[in-house]
Structures are given as C-alpha cells and as structure tokens.
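By convention in this document, chain letters (A, B, ...) are assigned in the order of the sequence lines, proteins followed by strands, and residues within each chain are numbered from 1. No hydrogens, no waters, no symmetry mates; every other heavy atom, side chains included, goes into these values.
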Amino acid sequence: MRALCWHDRHDVRVETVPEPKLINPRDAIVRVTLSAICGSDLHLYGGFVPGMVKGDILGHEFMGEVVEVGAAVKNLRAGERVVVPFPIACGNCFFCAKGLFSLCENSNPNAWMAEKLWGYSPCGIYGYSHLLGGYAGGQAEYVRVPYADVGPLKVPEELRDEQALFLSDILPTGYMAAENCAIERGDTIAVWGCGPVGLLAIASALLLGAERVIAIDRFAERLRLAALKLGAETIDYSEANVLEALKELTGGRGPDACIDAVGMEAHAYHNIAHAYDRVKQAMMLETDRPTALREAIMACRSGGTVSVAGVYGGWIDKFPAGALMNRSLTIRTGQTHVHRYLRPLLERITKGDIDPSFVITHRMPLDQAPAAYRMFRDKQDECIKVVLMP
Amino acid sequence: MPRSPNLTRADRIGYVVGGIALIVWALRRPSWSRALAASVGSWFLYQAYTGSNPMLKPLGIRVNREPAQPQLAETIVVEEAITISRPRAEVYAYFARPEHLPALADAEVDIARNVADQELAWRGLRGEKLAHFGSLSFRDAPGGRGTIVAAHLEYAPSGGSLGAALARVMGRSPQRLVADALRHARAILETGEAPSTSGQPSGLR
Ligand SMILES: NC(=O)c1ccc[n+]([C@@H]2O[C@H](COP(=O)([O-])OP(=O)(O)OC[C@H]3O[C@@H](n4cnc5c(N)ncnc54)[C@H](O)[C@@H]3O)[C@@H](O)[C@H]2O)c1
Ligand SMILES: [Zn+2]
Ligand SMILES: [Zn+2]
C-alpha cells in the first residue's frame, strides 16, 4: 500500500509499504477513506518531538471502512464506516474508567521512554513518535486500529466523510479547550492561534455560551474566517501589542479565560524574547518556544483559567509562575480525551449545531502529501487544513 | 542521615586506586592544573569512603552490602510497584505461574516462598549459583482501586554501579525488565492483551 513516511526533519515521503495485519485480538484493520494533516504533525515534521524513526508512518486524524476485525471485536463488522480517535485507549484501566482516555496506562508499549521525559506515560498515539508507542499512522491506505471495540465511532450514512473526519481530533480538541474554560454568562474568551484547533475552539466557546471571543493570529485568511464565519473579534499580533489590546477590549480586566491553540512552535514579532527562545531551542537548552503560553498567562484576568490545547514536548523558560500564583490562575490542559466527546459531538454535527468541515481549504491525493506538508508548514496558498484522499 | 550506598566494592577499589593515582601524579610536579587533579582525586577517595556517588543518586542506583541471601556478598537493589485494577486473587493467580514472575533472564526460578494472595518469593539460580533473588507482595489498593503489586529484586552486580547506571540510562537494566514485566501483567489482566507494534508496516528498508 501507499503510506506517508517520516524520514528526517522536513523530509516526508510517500512510499510503498506492506499492508498492516491484525496483531492483537482487539484490533481492526481500516481502509482509510480520508485523513488530515494536523498542527501536531508539524511538530514531528519540524523535528521537535524526540523518538521519531526513519520510515515511521504518520497521521493520527483518519476515518474509513472496517475491512477486518480481530476475534475479540464484537461490535464492528467489515464494511462499516468509522472515525477513529487519535488517542489509543484500552477502555479498561484506571484512567479510561475516569474518562481520561488520553492517559490510558496500557496502550503505550514504550511507556518507559515517556517516563524518562515526562515522569509517567500518557496513552499511545497513532503516528506520533516512539515515545508514544511508535504506532503506524493513518496517512496511508490502510491502518491497524488497536482496541477497536472501544475507539472507533460508527458514522451515520447522512454525514459526509468531511463532516465526520474531525471527530478524530480537532473538533473534540477545540471543544475540550473551551470546556476547560468553565465558561459562565458574560465571559470573554481569548484564543491564541486561529489554525484549525483555534477556530474550532472559538466555535465551541460560542456553543458553550461565551459572550465574546477574541481571536489572535497574524494570518489574514485565518483571522477573516474567525471574524466572518464565527463572529469573533480579532487581534493581528504582528501589528498590535496583544496584552494592551486585550486589556482595552475587556474593560481593563483581561479575558475571563485564555486558550493557547498554538503550542511549542509559537512565533513572535520584533521581539527579543523570540530571538532568545529560538537560540535556546536550537541549542537544546529549551525544547519549546512558549510565546503564546506566556502571553496567555499574563493576559488572563485574575482568578481566570488558561486552557492549553497547544502541544508542548519538553521544557520552557521564563515561565510566568508569579502571575500564575499571585493572581490565582488555573491551568487546564492535556491531549484530548477524544473518546468521551465522540457521541455528544456527533450529535451536535447531525443536529446541525456545528459543521467542522468549514476549516478545510485543501483536498489533495495522498501522493501529494509531502507538498501538502510544506504548504501547511509555510501557511502558503491561504492553507488552513489539508485533507488527504488515499 | 547517612547516604544510602550506591557504589559496589569493586567500584570503591577503583575509586581508591584512581584517587591515589591522581594525587600522586599531582604531587610529583605541583602546578595549578595538577592541584585540580588532586582535588578530583580526593573527591574520589571521599566517595570510596562514603560508598556513595552523588551523581548516581538521581538514577536510583542502590547497593545492599548485607543482602538477606548470604551467598551474595553484595547486591544491587531494584524496587518497582504497580497498581492493577483487578481483584487481588486474580492478580496473585497470574503471578503464581513462575513464567510470569519478573525474574531476570538466563536464571532458573526456584520458588522460595508462596503465601496465597500475599507474597511470592523466588531465587534465580544459574546452575548451583545464586544470581538474583526477588519477591512480589500483594495488597489491596485504597478505595477499591484494585491491587498493588510491589516487586523487590536484588542481583549480583557485574560491571559495578557504573555499569548499572549506564544500563539504566540506556534503558536496558534489570530495573527496566521488572518494570516492563509488571506493566505487561497489568495490560494482560486489565485488557486481555499486551500492547504491541511488532510486525507493523514501516517505510524502513
Ligand atoms: N491537545 C490536543 O490534543 C491537540 C490536538 C490537536 C492539535 N493540538 C495542537 O494544537 C496546536 C494548533 O494546531 P493547529 O492544527 O491549529 O496548527 P496550525 O499550525 O494550523 O495553527 C497554529 C496557529 O498559531 C498561530 N500562532 C503562532 N504563533 C502565535 C502567537 N505567538 N500568537 C498567536 N498565534 C500564533 C499561527 O499563525 C497558526 O495560525 C498545535 O500545537 C497542535 O499540536 C493539540
Ligand atoms: Zn491532530
Ligand atoms: Zn486505558
């Protein structure tokens, strides 16, 4: 089959590889009908996540048709159309029982590696480095899905692939980011990053009753979508001083909650701090560039919540611990516990409350994935979200 | 509180020899740079005296100079624990099969103690010789959260503490073996299978 393989920093290739086989009794094999490239893939592409090995198949956002199931999978049959959550979770362990699926204790065969870096290991993730299990991903024609009796969600016929695909990651991620804000009547939510995750966080914050959402980015097409499609107010951080602008927009008090939908490759303009972070990151003295996170903490109103959806991998510098502590801020974060949002969000989609496919700007064949990665990384051609057809 | 030792006898002899060599070398033709060598040498001697290298502490290397099994003059100690969301009897029954014990490879397992639902102890024999010994104890996790399995294992050091430290950094130590065996057990008991990617496709040629 054809699959997108990681080779090196900024080097991914579509190659012919063997088809996946069932390994465990709870596995299924899915023929992928649609997959997507995520901001998280860019962190792997840029070489910011350790534990990548030449030849690894990427992709954690995918859906398709079940072609084969293991002996222990009783709820799925060949031919059924499913969307698959990106965290690999057993459904049985302490964390799965608590609904914290991305913390599943049993799904990462390389837990010891993650323990060295993070103290304890979270769940395994498709196509997301050997640190998180080294599972072959779904930017391919076929993919093996472990614990297929708990993960995959059957997609009703009336939904198109494009409407259901983002249940795999970014819709639940945007939703959990907003849910973590514990939104109350009258709240203003600020969102750093208007990529697909940020846009869906904005949409979710409004669904959850936010009074106003303020969107922060520098790409005009992304800010336009946030404003015109979702009704957010916008700040272009390449022009405005974000902290001052937010203070002004919120009557001098700051947003009630701040969402970081940027992550470890944040960018900053005309800024000594940015140069400082780039140098430290290049010298491996700091693994992540936390411009957006620092700003979100500084901007948040006292007693408010900073919800971190953006992915971080290691250590950051100049963390504003003083602001966090003295102003009683709460930080909520995590890889998304996708499983627990699947059904409620599927219902939202079928009811027409939200159609997450509005973020798609590019539809390309899998064979063009390397070009798609480059385009998405450089935000060329007004690219916001690429979906790939095998 | 005295530091818990993490250097084996062989290590300490090495530290004494190295430390004295550095000091002697420095004293033969004193200079500022050699003074530095002398102070490193005396630091080695001090470590040999305390039996503890502070740099090994974060790695959790622990040496037992008076192991419970007197056939071994000294041992390196491994301790790991895991919580498994299954009843104690079931967890015990799994480990009661000798092939499921977190014993070190290439040793034959001889069950030394077996108290149903509470404890399993074994000795790892290489021929007549004792290579390691270990035990598992089982207790209920608080709040009905299943069973806590605590593993204790001691093995004869080969390669000294530095060898053990290196193995630990490389992720190939007895510590890792015990941790992996416990994790494997939890996966089998909770999910009915062990997570694996062996045999999956990759673009590696
Ligand atoms: N928590 C999870 O489970 C989860 C799931 C999916 C994605 N993510 C993470 O969410 C983040 C965003 O993903 P995406 O797909 O939207 O990526 P993306 O690259 O399309 O979007 C990132 C956006 O952040 C903007 N940005 C960069 N620096 C900024 C700054 N200083 N201030 C404001 N905006 C800034 C960029 O211009 C870009 O529009 C990534 O870190 C990704 O790994 C997390
Ligand atoms: Zn993703
Ligand atoms: Zn689990």
Would you indicate whether B:Tyr49, at its atom OH, is surrounded by more than 12 heavy atoms from other residues, nucleotides or ligands within a distance under 6.0 Å? no
Choice from A:Gly133, A:Cys90, A:Cys5, A:Ala111 maximising heavy atom contacts with chain B below 4.5 Å: A:Ala111
Is A:Ala136 in contact with chain B via its backbone, its side chain, both, or neither, using a 4.5 Å heavy-atom distance? both
More than 12 heavy atoms from other groups under 6.0 Å of CD on B:Glu128: no
Atom of A:Ile23, atom of B:Ser196 and distance for their closest heavy-atom approach: CG2-OG, 3.9 Å
Top contributor to chain B interface from A:Gly124, A:Gly134, A:Pro146 [non-hydrogen pairs under 4.5 Å]: A:Gly134
If we only count heavy atoms from C-beta on, is the A:Pro18 to B:Pro201 side-chain gap below 4.5 Å? yes
Identify which part of A:Arg26 has an atom lying under 4.5 Å from any heavy atom of chain B, answering side chain, backbone, both or neither. both
Evaluate whether atom CD of B:Gln71 has more than 12 neighbouring non-hydrogen atoms of other residues, nucleotides or ligands under 6.0 angstrom away. yes
For the student: nearest non-hydrogen atoms of B:Glu193 and A:Pro25, plus distance: OE1-CD, 3.2 Å
Sort B:Ala179 into side chain, backbone, both or neither according to what part of it lies under 4.5 angstrom from a heavy atom of chain A. neither
Answer yes or no: are there more than 12 heavy-atom neighbours, outside A:Met389 itself, under 6.0 Å from its atom CE? yes
Measure from the side-chain N and O atoms of A:Asn24 to the backbone N and O of B:Pro195, and report whether any donor-acceptor pair falls under 3.5 Å. no
Heavy atoms, side chains only, cut-off 4.5 Å: are B:Glu190 and A:Phe94 in contact? no
Side-chain heavy-atom pair B:Ser85, A:Phe95 within 4.5 angstrom cut-off: no
Atom of B:Ser202, atom of A:Val17 and distance for their closest heavy-atom approach: O-CG1, 3.6 Å
Using heavy-atom distances under 4.5 Å, tell me whether A:Met1 contacts chain B through its side chain, its backbone, both, or neither. side chain
Tell me whether the count of non-hydrogen atoms from other residues, nucleotides or ligands lying under 6.0 Å of CZ in B:Arg65 goes above 12. yes
Closest non-hydrogen atom pair between A:Pro109 and B:Thr197, with its separation: CG-CG2, 4.5 Å
Output for pair (B:Ile84 CD1, A:Asn106 CG), nearest 0.5 Å, gives 9.0 Å
About how many Å separate CD of A:Glu105 and CZ of B:Arg186, when rounded to the nearest 0.5 Å? 3.5 Å
Using 0.5 Å steps for rounding, measure from the CZ atom of B:Arg176 to the NZ atom of A:Lys116. 7.5 Å
